[in-house]
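Okay, structure first, notes after.
Residue numbers start from 1 in every chain, and the chains themselves are labelled A, B, ... in the order their sequence lines are given, proteins ahead of strands. Every value quoted in this text rests on a predicted model; they were computed, and no experiment measured them.
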Amino acid sequence: MKHVFLIDGSGFIFRAYHALPDSMKRPDGTVVNAVYGFTAMVLKLLADTDADHIAVIFDRARKTFRSDIYPEYKAHRPPAPDDLIPQFELVREATRAMGLKAVDMEGYEADDLIATYARQAREKGAQVTIVSSDKDLMQLVGDGVVMMDAMKNRMIGPDEVFEKFGVGPDRVIDVQALAGDSSDNVPGVAGIGVKTAAELINTFGDLEGVLSNAHTIKQPKRREKLMEQADNARISKQLVTLCQDVPVDVPLDDFDVVRPDVNLLLAFLKEQDFKSLFAKVAALGLSIGDNGNAKVSVASGGLSGVPPSVAPILEPLPAVQFELVQSEAALAAWIAEAQDAGLVAVDTETTSLNAMSAALVGVSLCVTPGRACYIPLAHKGPQAQGGFDFGDGADSPAQGAPEQIPLKRALELLKPLLENPGVLKVGQNIKYDMVVLSRYGVNIAPVDDTMVISYVLECGQHGHGMDELARLHLDYETIKFKDVAGTGKAQVTFDLVDLDKALDYAAEDADVTMKLYKRLKPRLASEHMNTVYETLERALIPVLVQMEREGIKVDATELKRLSDDFAKRLGDLEIEIHTIAGEPFNIASPKQLGEILFDKMGIQGGKKGKTGAYATGADILEGLAAEGHELPARVLDWRQLAKLKSTYTDALINQINADTKRVHTSYSMAGTSTGRLASSDPNLQNIPIRSEEGRKIRKAFIAEPGHTLLSADYSQIELRLLAHVADIEQLKKAFHADLDIHAMTASEVFGVPLEGMDPMVRRRAKAINFGIIYGISAFGLARQLDISRGEASDYIKAYFERFPGIQKYMDDTKAFAAEHGYVTTLFGRKCHVGGINDKNPMVRGFSERAAINAPIQGGAADIIKRAMVHLPGALAEAGLSARMLLQVHDELIFEVSDSELDATRTLVKAVMESAATLDVPLVVDVGIGANWDDAH
DNA sequence: AAGATCACG
DNA sequence: GACGTACGTGATCTTC
C-alpha cells in the first residue's frame, strides 16, 4: 500500500449538481447532471492517478453523533432538491461500475470515515490524497496527507490551508471553533470570523489558551463575547473535530484497485445516456490493463505508442466542442436546443466597443457548458482589408467572403429565441449586446448578466471583466482579443478575422459566460444577495439600455463656436504667458512649467512628489497668484480653457452619433466600488457646472423642438442617509423641519444663532458635513478650509461632542469592516474594502475612510437606482411620453414634450421621493429649461 | 503605462 | 513623534 485515494463522494455530488444544468436528463426524464459530473470526474481521476487503493465515501443519513452533542448542527439545511434525490443511488451505482468501493456508515459523516481511513493508511506508511475541497477536511492535511480539489485541479497542502485559515492544519479546528460556520450551524463565538479567530489563536496558542486569557483582551466587545460564549466555542470544537476512529466495517485493504468490468461500465454509461463518455470509453477500445497497478488502460491498438498504464485516455474529458454555424439548418438546431433548455448564453461580436456605432459581425451561443457555436454574419474575405468597403458586407458578397447565413435571415431566426419570455439569455455585460441588437430590431429579454452578478457578490474585491472572472473562478485563461485581431497598427476589426480564429474566440466567450453563470448564480441565493441583484441591478439593465439608446441632443454649432472662442483666447494667453516667461514652452507640461516657475523665475516654493517634479496643481498656482505673481494666474486661465476645449467642446462634437445626431454615453454597471454607475465614451457625469465658462458647455445640451429638458435631483441625499443610518435625532429633526442643514450644523457646533449667520461660518460647517461623509480627518478638513490642523481638529472635536452618534456610527462601521472585509448599504449591497487591517497606518486610514463613505455613497446610489427602475413603468402608466436620458449620481435628466411638462414634473418628483422610506423625508428639486444649464 | 491635472457628484 | 491622508469617478496630455 503506497498511495490511498479517498474521494469525498457527497461533496462531489453537490458540486456537480450545482455546476451543471438540470436540463441534463435521460430519455426517461430523470435528471442526471450530478451523476454525469461525478462519473466524468472520477474517470478522469482514474486515468491520471498512481493510487493503488481508492474509495469513494458518502454521507448516509442526516442524523449523526453530532446531532446528539448539538441538536442544531446542520439542522437548518434545506432538504436536497427533488431532482437530486434519485441521483444519490445512481452515483453509488456509477462508483461500482467503475470498479470502486462506495462506503458510508450510519451515524457518521463522510468526513469522519475519511479521517479514519486516512489515519489507518498513514499507520501503514501509505501516502494519502483526499479528493475534496471541503474546508472541514483541511484539519487532516500534513504529514503525508494532501487534499486535491478535482474541479479546480489544485492541490491543497499546508500552505493553502494557512491561506484559508491563517493557521496551520493542526490549529484549524481551534479557528473553526471560534469562528463557527453558518452553513453548518456551528455557533462559534458571535462576532468572530476566521480572521479574528486566527489572530487570537496565533496569539494564545490554542482554543483553551484563548478562553483562559479572554479577560486580558483589549477590545471590550470581543472580550465580553469570548467570556460569555466560551461554552459555545468548546461545543463548536467538538463539532468540527473529525472522528479518526470510526469502527469501520470495510477494511482499508478492500480498497485495492481492481479491474473494472468494462462491459458493466459501458452498460451503465449507456443507461444514463452519457453518449460522449460512452463514445470515449468504447472508441478508445478500453480494456483491462494488467500491469500490477493499472486501473483503466488502453488495449493494444488503442493509442499506439502510449504506455498503457499512464495514458490519460479520458483526457481531455471536459474538452470544449465549438461549432461554426454556416447554414440555416445548423442554426435552427441550436435555436431548438436553446429553446428546450430555457437557458442560453449569448455573445455578439462587432466592429467596435461603442455599442451605438458598432456593426454586428456575428453571434455566439452556448446551451451546455463545453459546447458552443459561433454564427458569423458579416465576415469579409481576406481581400476586404484595406479595400473599398461597399457598406453592407453581409448582403453584398464581397470578394472571397466566407459562407455565412445572410445577416437579416439569421436575425429573423434568432429573434423569436432572443425575445422569448420563457428563455433566459445570459451574457457577460449583456447591456452591450442588448444595445447593439436593439439597433437591429431585436430586443433581448429576459436576461441575466454574469458581470453584474459578480459585481453584486464581490464589488470592490476585483474587476468583473470576463478574462478576470475566468481566471478567478474557472482557473482558465481566455483567448485574448489581441491574439485574434492583432495589436497596434496591425489590429483589424472582427469582421476581418479568419473564421477559424473567430470561432475559437467567440464561442469561448459564450462557453465561459455559461460556466461563470453556473458557478456564480447559485451564490446569489446562498449569500443572500438575490434581492440586491434582482431589484437594484438586473432590473436596471433594460432601463440603461433605453437611456443609452436615447442619447441627448447637443448643439453642435454652439459647441463649434465655443471651441473657436476658446482657441482664440488660448492663443492670446499662450503669447502672454511665453512673454512673461521670456521663452516659449509647453504650458501643458507640468514639468516644463515647474522649471520655468521655480528655476528660471526663481519663485520660492518646493519640489514635491516621488517623481521629483515640481507640483504645479491649481492649489499651488492659486497660492502663487495670490502672492501677486502674474504667470501662474494666466496659466490657471489657460488650463481652464484648455480643459474645456479638449475634453468637452471638441470631444463632444466628435461624439455625435452619425445616425441619431445625438450623444450616447455608456454606463458602466460594475465599475465602481460603491454601487454607483460610471459614465464613459463620453463621460456625461462630469459636464462642467461650477464655473461660468464651464456652464457655457452645459448650455449646449438641449431638447428637441417642442420639448424641454427636465432635471430632478435629490437634495442632500447623502446627509439624509447619514441621519437615517446613524440615527441622529438632531439631524433627523432638522430635515423634517426642512432647515438649512449646514446652517443648523454651524449653529450647533459653533454655538451661533441661525439669524444673521456669517456666511463664512456656514461654509465651515458645510465643509465639515462633507468631511463627515468622506470619513473626516483633521488634515483633510484643514486643507479644504485652508486653516491649521489644530483648528480643524477643534472643529471635529466640537462636532463629535454635539453629535456623539456620528462618532459611534463611524467606529461601528470601521469595526464591521475590519471584521468582515466589507460594509453594507441600507439595501443590502456589499462593498468590500481591502487594506482595512493593513499594518501601514496610511493604507489602513485610507480603507477606513472608504469604509465610512461606502454605505452612504452606495446607499444613495441604491435609492436612485430604485427610482430609475420604477420610472419607465410609472411614466407609461400615466400615459406620459417623457424619456429618461441621463443619470448623474443624484440627478436624472428627462426630455419632455412641452404639453406634458407639468404632469411629468409631478410624477417624476413623486416617484423619486418615494424610492425609499427613511426616517427623514427624501426631497427632490425639479427644474426645467431649454438646455441643461437652465434646467437647474 | 503611469502620473499629473482637472471636470463632476 | 513622524508619517501623510479628505470619498467616488473618467478624459486628456505629457513623459518614460
Side-chain angles (χ1 to χ4, degrees), chain A residues 459-460 585-594 608-622 635-636 638-652 654-655 665-668 671-691 693-695 697-698 713-718 722 767-785 789 792 796 823 831 833 835 839-858 860-861 864 886-892 932:
Chain A
C459 160
F585 69 100
N586 186 347
I587 305 166
S589 162
K591 185 167 172 277
Q592 293 179 33
L593 175 64
K608 253 216 260 177
K610 312 130 206 175
T611 54
Y614 290 114
T616 67
D619 46 349
I620 305 271
L621 297 189
E622 273 160 21
V635 170
L636 283 168
W638 185 92
R639 277 195 183 158
Q640 186 193 20
L641 294 182
K643 177 81 170 181
L644 294 176
K645 180 173 188 297
S646 68
T647 308
Y648 298 104
T649 55
D650 294 356
L652 278 172
N654 287 325
Q655 288 277 0
T665 186
S666 171
Y667 289 103
S668 156
T672 71
S673 56
T674 55
R676 271 191 182 179
L677 296 175
S679 156
S680 64
D681 307 299
N683 182 352
L684 295 185
Q685 288 180 324
N686 70 346
I687 300 303
I689 190 169
R690 293 173 187 169
S691 75
E693 291 296 335
R695 292 169 88 112
I697 288 163
R698 206 165 263 246
D713 70 289
Y714 283 106
S715 161
Q716 305 287 6
I717 190 168
E718 295 192 338
L722 178 70
I768 296 174
N769 276 335
F770 275 103
I772 292 296
I773 289 167
Y774 295 153
I776 200 153
S777 75
F779 183 91
L781 185 63
R783 201 164 67 111
Q784 183 66 33
L785 288 176
R789 239 161 80 184
I796 295 171
V823 291
C831 306
V833 282
K839 282 193 280 289
N840 182 336
M842 199 175 81
V843 174
R844 194 171 60 244
F846 187 80
S847 294
E848 287 173 351
R849 292 192 296 273
I852 289 167
N853 175 256
I856 303 170
Q857 189 183 118
I864 198 167
L886 302 176
Q887 187 248 46
V888 192
H889 308 310
D890 64 358
E891 172 188 14
L892 293 172
W932 193 359

Flag, side chain of A/Arg698 to backbone of A/Ile687, donor-acceptor distance under 3.5 Å:
yes
Using the P atom on both, measure B/dA4 against C/dG4 and round to a whole Å.
14 Å
Could you check which of C/dA11, C/dA6, C/dG8 has an atom nearest any side-chain atom of A/Ala850?
C/dG8
Any base atoms under 4.0 Å from A/Phe846, or only sugar-phosphate, or nothing? Heavy atoms, all strands.
sugar-phosphate
Could you state the CD-P distance from A/Glu622 to B/dT5, rounded to the nearest angstrom?
13 Å
Could you tell me whether A/Arg844 contacts a base, only the sugar-phosphate backbone, or nothing, with contacts defined as non-hydrogen atoms closer than 4.0 Å?
nothing
On a heavy-atom basis, the closest approach of A/Asp650 and A/Lys645 is OD2-NZ, 2.8 Å
Mind checking the C1' distance from C/dT5 to B/dA7? Whole angstroms is fine.
22 Å
Nearest-Å distance, CG (A/Leu652) to P (C/dA11)?
11 Å
Hey, does A/Ala767 reach any base, or is it just sugar-phosphate, or nothing, if we go heavy atoms under 4.0 Å?
base
Under 4.0 Å between any heavy atoms, over every strand shown, what does A/Asn840 touch: base, sugar-phosphate, or nothing? Just pick one.
nothing
In whole angstrom, give the distance that lies between atom OH of A/Tyr614 and atom C1' of B/dG3.
18 Å
Round to the nearest Å and state the distance from A/Arg849 atom CZ to C/dC7 atom P.
4 Å
Is the closest side-chain heavy-atom distance between A/Asp619 and A/Arg783 below 4.5 Å?
yes
Would you kindly give the CD-to-P distance between A/Gln784 and C/dC7, to the nearest whole Å?
12 Å
For residues A/Ile796 and A/Ser777, report the shortest heavy-atom separation together with the two atoms involved.
CD1-C, 3.8 Å
In whole angstrom, what separates A/Leu641's CG from C/dT12's P?
17 Å
Nucleotide pairing, DNA chain C (Watson-Crick or G-U, distances under 3.5 Å), in dot-bracket with [ ] and |:
......|||||||||.
Under 4.5 Å between any side-chain heavy atoms of A/Gln716 and A/Asn769, yes or no?
no
Under 4.0 Å: is that the gap between some side-chain N or O of A/Ser673 and OP1 or OP2 of C/dT9?
yes
Compare all side-chain heavy atoms of A/Tyr648 with those of A/Asn686 and state whether any distance is below 4.5 angstrom.
yes
Expressed in angstrom and rounded to an integer, what is the separation of A/Gln655 atom CD from C/dG10 atom P?
15 Å
Nearest-neighbour nucleotide for the A/Arg789 side chain, C/dT12, C/dT15, C/dG4 considered
C/dG4
Using a cut-off of 4.0 Å on non-hydrogen atoms, how would the nucleic acid contact of A/Ser589 be classed: base, sugar-phosphate, or nothing?
sugar-phosphate
Does A/Gln887 offer a backbone N or O that forms a donor-acceptor pair with the side chain of A/Gln685 under 3.5 Å?
yes
Would you say A/Leu886 and A/Trp932 make side-chain contact, with heavy atoms under 4.5 Å?
yes
Base of C/dT5, side chain of A/Arg783 - is there a donor-acceptor contact under 3.5 Å?
no
Any side-chain heavy-atom pair from A/Leu644 and A/Thr649 closer than 4.5 angstrom?
no
For A/Arg849, which residues count as a salt bridge (Lys or Arg N to Asp or Glu O under 4.0 Å) partner, sequence neighbours excluded?
none
Taking N or O atoms only and anything under 3.5 Å, show me the protein contacts with nucleotides 6-9 of chain B, one pair per line.
unit_1	atom_1	unit_2	atom_2	d
B/dC6	OP1	A/Arg639	NH1	2.9
B/dC6	OP2	A/Ala618	N	2.9
B/dC6	O2	A/Lys643	NZ	2.7
B/dA7	N3	A/Asn686	ND2	2.9
B/dC8	OP1	A/Ile689	N	2.6
B/dC8	OP1	A/Arg690	N	2.6
B/dG9	O3'	A/Asp890	OD1	2.7
B/dG9	O3'	A/Asp890	OD2	3.1
B/dG9	N7	A/Arg690	NH2	3.1
B/dG9	N2	A/Arg676	NH1	3.4
B/dG9	N2	A/Gln857	NE2	3.4
B/dG9	N3	A/Arg676	NH1	3.2
B/dG9	N3	A/Arg676	NH2	3.2

Is a side-chain donor or acceptor of A/Ser679 paired with a backbone partner of A/Tyr667 at a separation under 3.5 angstrom?
no
Rounding to an integer number of Å, can you tell me how far A/Trp638 CH2 sits from C/dT12 P?
15 Å
Heavy atoms under 4.0 Å, any strand shown: does A/Ala782 hit a base, just sugar-phosphate, or nothing?
nothing
Residue-phosphate contact under 4.0 Å: A/Asn586 side-chain N/O, C/dT14 OP1/OP2
yes
